[in-house]
Structures are given as C-alpha cells and as structure tokens.
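One structure is given here, and the rest of the page talks about it.
If you're wondering where the values come from, they're calculated on a predicted model, not measured in any experiment. By convention in this document, chain letters (A, B, ...) are assigned in the order of the sequence lines, proteins followed by strands, and residues within each chain are numbered from 1.
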Protein chains: 2
Amino acid sequence: MSDIGIKELARIAGVSTASVSRALSNPERVSKKMRDKVQAAAKRVGYQPNRLGASLRTSRSGNIVAIIPDISDTFNSGVIQSLERAAAERGYSVLFGDTQGIRERELVYGAMVRSRQADGIMVFSHRLPFTAEELQSENFKLPPLVNSCELADSPHIDTSNLPWVSIDNVQAGKDAVTHLIELGHQNIAVITGDIDSPSTLQRLEGYRQALHAAGIPYREENIFQGAYTLEAGVRITKQVLLAKHRPSAIFCMSDEMAMGCIATLKEHGFGVPEDISVVGFDDIRFAQYLSPPLTTIAQPVEAIGRTCANILIDLIEDVAEPESKHILPHKLVVRASTAAHK
Amino acid sequence: MSDIGIKELARIAGVSTASVSRALSNPERVSKKMRDKVQAAAKRVGYQPNRLGASLRTSRSGNIVAIIPDISDTFNSGVIQSLERAAAERGYSVLFGDTQGIRERELVYGAMVRSRQADGIMVFSHRLPFTAEELQSENFKLPPLVNSCELADSPHIDTSNLPWVSIDNVQAGKDAVTHLIELGHQNIAVITGDIDSPSTLQRLEGYRQALHAAGIPYREENIFQGAYTLEAGVRITKQVLLAKHRPSAIFCMSDEMAMGCIATLKEHGFGVPEDISVVGFDDIRFAQYLSPPLTTIAQPVEAIGRTCANILIDLIEDVAEPESKHILPHKLVVRASTAAHK
DNA sequence: TCTATATTGGAAAACGTTTACCATTAGTGT
DNA sequence: ACACTAATGGTAAACGTTTTCCAATATAGA
C-alpha cells in the first residue's frame, strides 16, 4: 500500500511534485495531457495523498467537530446522522464528541479547532465549549461555530449573535398546548426539559401564551421540572400523579419523556388518553408505534442536521454571513394519545 | 488566540524548540526547572500545539474512524457512545461515518487510514471498507481494524482471523427461543435481521438448536426474513399474521423490530402476550417502557463499545495480539411480553 | 580536584503536502 | 518569421511539529 509520496510519484510520472499536486487537487489548472499522465501513474501505483501533509500546509483539516450531550438520545442521533451526511457531501468529516454534559469534555472538543484538528464547531449543548478565561482573553477569536437550538447566554459573550438553526420553540410549545386546550383540557401539566436549556424555556413560554390566549390561569404547580430523558419522564410523572388537582393532560417536552410518562400512567392504572392526554415533542420515529401512538410536535430532524452542516461549512469557507439564523418549520402531529376532555 | 507556534514560544521562553516540545509532550524527559519555565510560558501566551504538525511528524493522527450503517439505531448509538468515551479516555477522537449501507461511503471511510486521517478502523457493517481490487493487491496491508459482531466473510480475505468483539449470538438466540419453549410455545416464528448479517445467521442457528433440543420440528415457513429496523418489524409482522398456522410466539431479532411487531399485533387486535408472545433482542433502553414491557436478550452495550475501542487502540499501539476475540456476556431479561401458551 | 559518566539542551532535518515565484514553452496576430 | 501574450511546468520554501544527533553541563566516584 501507501508508502509512496508525492515526490516518488512525481519521479515515476516524470514530472515535478508541483504538477502532481496540481493534477490531483486542481485538475483544471493543468493541461489534459499532464492530468492524464499523473492520474494514470497515481492509479497504477495506488497513490493515496496524505491528508495530514495537505492539511498542515493549507491549515484546513476538513473536519468539523460536533459537541453533543448524548448521542443515544433518539432526536440527537437523528440530527447527527443528517449532519454527517450533509458534511460528507461537502467533503467534511465529523469528529464527534459525546460529552455527557461533562464540562471537561466539552472543553477538550472546543479546543480542537485551535489545535487544527477541526475547522469548525457544531454545538448541541447549552454552553460554549470555552472557559471563561478564554472568552475574556482579548486575543480570543471565536472559531466558526453554529449552535442548534440549545445555546444559552454566556456572561462573557453575546451568544444571541451566533449563527443558529432551530424551530420556533415558543410557537411549537404553544401549538402543543393549544391542541390540548381545543380538546377541552383546562388543567394541563407540563414536564419540562433541562431547566437551563433555552428550548425548555421557550417551550414553556409557548405553554404560557397558549393558556393566556385561552384565558386559562397559569398555575405554578402545574410546571414540573424534568430533563430530556426517558427516566425523567417516569420519575416526574409520578409527581404529577401526586398533585392535589390532578391534571387531565400532560405536555412532555420530548417524546422520550412522553414515553416514560405514558408507561408510568398505565402502570398506575390511568388510561391514555381516556383519563389523561399526553402530548410529546420531537416526533422521533418510535412515536407512532407507541401505544397509544403519540401526539407530538414533529421537528424537521433531517433539515436541522443538514442546515447545521451547511451553515457551518459556509462559515468555514467564508461564504456565509456570520450571523445567519435559520428557523425551520415544525408541525403538530395528532395521533391517539390525546382526546377530548370529558 | 493561537497564532504562535513552537518556535515563537521557544524564543519567548528563552529555550530551544526541542526543549519546548519535550517539556510539553514528554515532561519527564526534562528537568523540573525547564518544565516549569516552558509550561508557564505556554500558559501565559495561550499556546496551543498544532496537532496537524505533530501528526504529520509522528504519522499518528489520534483518530479512529467508526463505520456504522445507521447511527439512529438505538443499539448502535449506544455502542458508539461508549466507544467514543473509551477512546477519549485513551486520547483518541472518533471520526464517525454513518454509511446508510452505501458502499461508496464505506470506501471513503475505509480510505481514511491510508490517507492518515485515522489510525484505525472500527467496522460495524457486514463488509470490509475496501474494494476487491485493494484487497487483492499484493502490497495491500490491512490497517488496524476491529469488527463488532457483523463482519461477513469476504472472498478475498479471511475475515475470521480479524479481531472482533461480540456476544455469543448462537447461544443468545437459543436462550430467547428456549424461553418461549419453556412457556409451552411450539409454533414459534422468527423475524430475522438482514439476512446477509452474520449475527442474524447465528441467532437463527440458535433458534434451530433450541427447537432441536426440545424435539420440535423446524419449519421453514416460520422463518420470516426482515431487517433490523422498526419498519421491517411492522411490515413482516403482517406477513406473520397471514400465516396458515399462525404462531403463538414471535422471536424478533432486535428490539426495534419487536416494537414494530407489537404495535402491529395490537393494531390487528392481538393481545401481547395473551394471544401472542414476543421476545426481542438488544434490550435498548426503551424496552422496559413498552407496553407490555419487552422480554428480550440484553446485550452489554457499554462493554461492547468499550472493548472495541480498547482492542482497536491496543492494535494501533501494538500492544494487542492481532487476532484477539472477545465474547461478552448476554442475558435473557424476562418481562411481560411473553407468557405461557394456553 | 580530576576524570568518567549521566543528564540535559540545542541545531537541524524530516514528515508530505501546497503554492509563490519564475522560466519555459506554446499560441496568436502581424 | 517575429514579437508578444497566455499557458504550462518546475524549484524551492513553507506549514508546525518531533526527534536524531551531538555538545555542554551537572553529577558522582576516586
């Protein structure tokens, strides 16, 4: 395999290294004759360029790093899948960093563009992968970076100016809750995601707006603080059932939570939707196969991943304005987990 | 940020570049005084070594590439998560390649070690990411590579000698089916995974063995060829219901399939497990929250990912024998989706 | 104190590319 | 055939590290 470099190949083809490089990386900058000669030789000896050498020279690694709190979350893995595909189409590979929310690990991945292992950062967590110290340093320059939905404010930098792609979480939350209201529910609990996540805050705002629009009083005890996990759905649902004024409907801020929620409701003998309606969020591909099939807000997973990749790469290649924001469309999908209040 | 290199840092610290390199990368090879001086200077100016330079020199990228057919599959994403974590612990990053089973893309990722973007390959698909041509070339050298469960034979190379990590799929299949037999089921259907996947073939062999051990005749029409997806579970289950001698139990070779299977059974009015028992495979984290909670074979997801990472890295760093094989323990988890035959 | 040895630090080459700059050749119009 | 321009190809420097030598210095033994 392998061990032959551009010099050796140049010798074999009887041309200079410059010509080899051009013929392979910029074929149009070279005559057809040269191109053919070099490509033939390359093929013959099985030449494979060393990307490290090229990267060093061009200071372009061709990698982007994706910082994700939890890849095993179904919504995340869907986004990552389409991110990766879109990146690949443009010649980029994705280095992926599952951080489990551990600060230390975020920082490691955040440092990768400074160490030239990556050209840009895709942030799916709620904070920037840089230390306060770094952010404050006057010669700190933010690398190409886009965030998806979740980036919270930082005391040191105005994150609202960073490029992002997201759905309209406020409207989506409102849509979910409005659906319940239209079914006649008045006493609606909400199980939130991680309370420091902007998406949670926004969806909660949507909940508020829906209630307000319907003239239903907002009651603090209907807000149950959770996290975007199945287990949280299970745990918090038990608390919901303990409530003095038991709600007739629950808005779960993720489908995984809704799954845990429904399982728990059934376990305690509550019928869904006969006794309690449940609406989820995300429309993961399991949603329609739950029993009952889940009413939920569908996020455009594929489009989110693809858009993230494209904006980030545009940024890296300097063809995007640095503050591009993309709001993608969501959709309420009504299935069988919600029904009219009786 | 950043733009200062080792030369400049050496000048600032008043030492040579060699000393800087040693002080940072091999601190023990240098006096304490030197170490402190260099590290202090590095910190002061915010020096961050350029990994590309280092990689080029050492021809070690510090990356491994993971080739996965489908990251959004829950089992896969779990394995990848633990793979990534274990790799990170040893200082490696993972470049991840979701191929969707597309040959072209497998080849792209397979080429990454030749182009020095990665030091080793983790294969989760059923074929090697190299062309027949490459494999046959006499100067082809297999890069560090480990496969997990799924690698099929290749006409050009003896894949059985490659390092792998897996559970004992034959035994696991046998365990699942034996459980059904012990519940009194005689007419047991199986919905397989992708038929070209060794794990499917092995689990099927387990099915056969279980039947044989119980003296139950093996009937070809009880084998339903599927794929490891939710949708396949749905689609094939309909076929199962059409069978002349309708089975009283179904063994699904993945939990996602079982999910689709159960949803379909219920949709058609069959009770699980009253009418038909279902056993899955994987024990993804949703399994216990399905209704009914799923009886399944638990795979040690975390251990699989971790072991894969460690073997591969051992291979890269030359500390593993090149044919190491690891069989990890599985476990039958009995829940409510299986019941005695009546 | 002096020599023999161990430790430490430095100069420079190497890793495999790309590309700026220049020299050469081919192409065009007269 | 000639001058002028355009196209093409080559030489060599650069990218930022690590590491091989070797020289210098510290350490120890006598």
Legend entry - Residues forming a salt bridge (charged side-chain N to carboxylate O under 4.0 Å, His left out) with A/R44, sequence neighbours excluded: none
Legend entry - Residues B/R90 and B/N310: side-chain donor-acceptor under 3.5 angstrom: yes
Legend entry - Side-chain H-bond candidate by donor/acceptor type, B/S115 with B/Q117, under 3.5 Å: yes
Could you check how far [atom1] of [X] sits from [atom2] of [N], rounded to whole Å?
{"X": "B/I6", "N": "C/dA12", "atom1": "CD1", "atom2": "C1'", "value": "14 Å"}
{"X": "B/R116", "N": "C/dT17", "atom1": "CZ", "atom2": "P", "value": "10 Å"}
{"X": "B/K7", "N": "C/dA12", "atom1": "NZ", "atom2": "P", "value": "11 Å"}
{"X": "B/K33", "N": "C/dT8", "atom1": "NZ", "atom2": "P", "value": "11 Å"}
{"X": "B/R35", "N": "C/dT8", "atom1": "CZ", "atom2": "C1'", "value": "13 Å"}

Inset, instruction - Supply the atom-to-atom distance B/T307 OG1 to B/L312 CG, rounded to the nearest 0.5 angstrom. - result: 12.0 Å
Inset, instruction - Measure the CG-CE distance between A/L83 and A/M122 for me, rounded to the nearest 0.5 Å. - result: 6.5 Å
Inset, instruction - For B/S19 and for A/L52, find the nucleotide of DNA chain C with the closest heavy atom, then tell me which residue's nucleotide is more 5'. - result: B/S19
Legend entry - Nearest-nucleotide 5' precedence on DNA chain D, A/L56 against A/S31: A/S31
Inset, instruction - Could you pick out which residue, A/K32 or B/G53, lies toward the 5' side of DNA chain D when each is mapped onto its nearest nucleotide? - result: A/K32
Mind listing the N/O atom pairs, protein and nucleotides 21-26 of chain C, below 3.5 Å?
none

Legend entry - With sequence neighbours excluded, residues passing ring pair (Phe, Tyr, Trp, His ring centres under 6.0 Å) with B/F96: A/F96
Legend entry - Those residues that, when tested against B/K32, pass side chain to side chain contact (heavy atoms under 4.5 Å, CB included) (two or more places apart): B/R35, B/D36
Inset, instruction - Could you list the residues that satisfy side-chain hydrogen bond (donor to acceptor under 3.5 Å, both in side chains) with A/R11, not counting sequence neighbours? - result: A/E8
Inset, instruction - Identify the 5'-most and 3'-most nucleotides of DNA chain D with at least one atom closer than 4.0 Å to a non-hydrogen atom of chain A. - result: D/dT8 to D/dG16
Inset, instruction - Examine C/dT18: is either OP1 or OP2 under 4.0 Å from a nitrogen or oxygen in the side chain of A/S25? Give yes or no. - result: yes
Inset, instruction - Please tell me if the side chains of B/D70 and B/I68 come closer than 4.5 Å, counting only heavy atoms from C-beta onward. - result: no
Inset, instruction - For A/S21, report the nucleic acid contact type (base, sugar-phosphate, nothing); a contact means any heavy atom under 4.0 Å. - result: base
Inset, instruction - Using a heavy-atom cut-off of under 4.0 Å over every strand shown, decide if A/A54 touches base, sugar-phosphate, or nothing. - result: sugar-phosphate
